[in-house]
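These notes are about the structure you will find just below.
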Amino acid sequence: MPPPAADAAATAPARPLPRAFYGRDPRHAAPELLNKVLAVGGVAGRIVEVEAYAGADDPASHAHRGPTARNATMFGPPGHLYVYRSYGLHWCANAVFGPAGTGLAVLVRALAPLAGLATMAERRRAARQPRDLCRGPGRLAQALGLTGDHDGADLVTGVGGVVVLDDGVAPPPSPGVSARIGVTRAADRPWRWYVPGERCVSAVRSSIGPVPCR
DNA sequence: ACCGGGATGTTCT
DNA sequence: GAACATCCCGGTG
């Protein structure tokens with residue numbers, strides 16, 4: 001007897017997203033990453049907020065000016081993790097998209113914590129409540145223990161210690177959309193998507209500008 | 001609640 | 001030298 005649909009989703013065996021998922025333009029594919037699971041060992045969270053970066057065509061992208069030592073992973077095959085240092089202090093994680101050489105990527109901006117919350121809390125002493133553990137790109141990298149050592153990890157095979165899983169929860173049928181947060185160039189492009197109503201989407205300072213965020 | 005400043009690696013002008 | 005896909009803490013209302 002098949003279980004009800006909601007239970008089927010919750011109990012489906014988690015399997016990695018296939019390589020082909022990443023081989024597309026993130027301006028269309030990025031919202032499909034919502035509600036997938038990002039896992040590093042036993043620590044994991046559900047992706048609730050993402051931003052697309054469109055390679056050479058996108059002045060806000062690290063790939064805009066071509067390959068460098070830092071962004072080399074962006075120009076490799078899709079389905080790998082690009083980790084970079086932000087403002088000299090924090091780490092941020094992207095999934096590489098598109099055909100190899102295009103520099104397309106999706107920044108993971110927030111997770112709803114799923115597993116390993118005690119470990120996350122040890123790494124994120126400043127977090128005052130569980131919803132703050134992975135609320136923001138620098139915070140989620142810290143909570144998952146992601147650093148430059150994870151740059152290049154294969155999200156499909158798990159080689160490198162990081163994997164993106166589909167556990168049967170569908171993306172939101174109507175994701176929230178806004179401009180990207182914290183970018184100065186190409187600030188008008190509506191390439192941020194989030195799970196509507198989700199409390200774990202990253203905080204936005206009102207001085208930055210009006211961004212729909214609940 | 002809102003705001004402002006500081007920390008600081010990599011890239012670019 | 002300056003900018004930057006950030007976060008945290010302490011000030012003020």
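Model, not experiment: these values are computed from the prediction.
Going from atom OH of A:Tyr53 over to atom C1' of C:dC4 covers 11 Å, rounded to whole Å. Rounded to a whole Å, the NE2 atom of A:His90 is 4 Å from the C1' atom of C:dC7. Rounded to whole Å, the distance from NE2 on A:His62 to P on B:dC12 is 10 Å. Atom pair A:Asn71:CG and B:dT11:P shows a separation of 8 Å (rounding to whole Å applied). Rounding to whole angstrom units, CG of residue A:Asp132 and P of C:dC8 are separated by 8 Å. The nearest whole Å value for the distance from the CG atom in A:Leu89 to the C1' atom in B:dG5 is 13 Å. The distance from atom CE of A:Met74 to atom P of B:dT10 is 17 Å, rounded to the nearest whole Å. In this structure, A:Arg180 places its CZ atom 9 Å from P of C:dA5, rounding to the nearest Å.
Within the 4.0 Å cut-off from OP1 or OP2 of B:dG9, not a single side-chain nitrogen or oxygen of A:Ser86 is found. In terms of phosphate contacts, A:Arg124 brings a side-chain nitrogen or oxygen within less than 4.0 Å of OP1 or OP2 of C:dC8. OP1 or OP2 of C:dT6 sits under 4.0 Å from a side-chain N or O of A:Arg109. Between C:dA5 and A:Arg139, no contact under 4.0 Å exists linking OP1 or OP2 to a side-chain N or O.
Counting any heavy atom pair closer than 4.0 Å across all strands shown, A:Gly88 reaches a base atom. At the heavy-atom level, A:Ala126 lies under 4.0 Å from the strands shown only through sugar-phosphate atoms.
Comment: A:Arg27 does not engage A:Asp58 in a salt bridge, judged by the lack of any side-chain N to carboxylate O separation of less than 4.0 angstrom.
Between the side chain of A:Tyr84 and the base of C:dA5, at least one donor-acceptor pair of N or O atoms lies under 3.5 Å.
Side-chain atoms of A:Arg139 never come within 3.5 Å of backbone atoms of A:Arg124 as a donor-acceptor pair (strictly under, hydrogens ignored).
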| said: Before you tell me yes or no, could you show the steps for A:Asp57 and A:Arg189 under salt bridge (charged side-chain N to carboxylate O under 4.0 Å, His left out), namely the whole-Å CA-CA distance, both residues' side-chain angles and the distance that decides it to 0.1 Å? | reply: CA-CA 12 Å; A:Asp57 296 336; A:Arg189 303 185 191 183; over 6 Å; no
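Between A:Ile181 and A:Glu49 the shortest heavy-atom distance is CD1-OE2, 3.8 Å.
Under a cutoff of 6.0 Å and an axis angle of 45°, A:Arg19 and A:Tyr22 do not form a cation-pi pair.
Applying the Watson-Crick and G-U wobble criteria (two distances, each under 3.5 Å), B:dT8 pairs with nothing in any strand.
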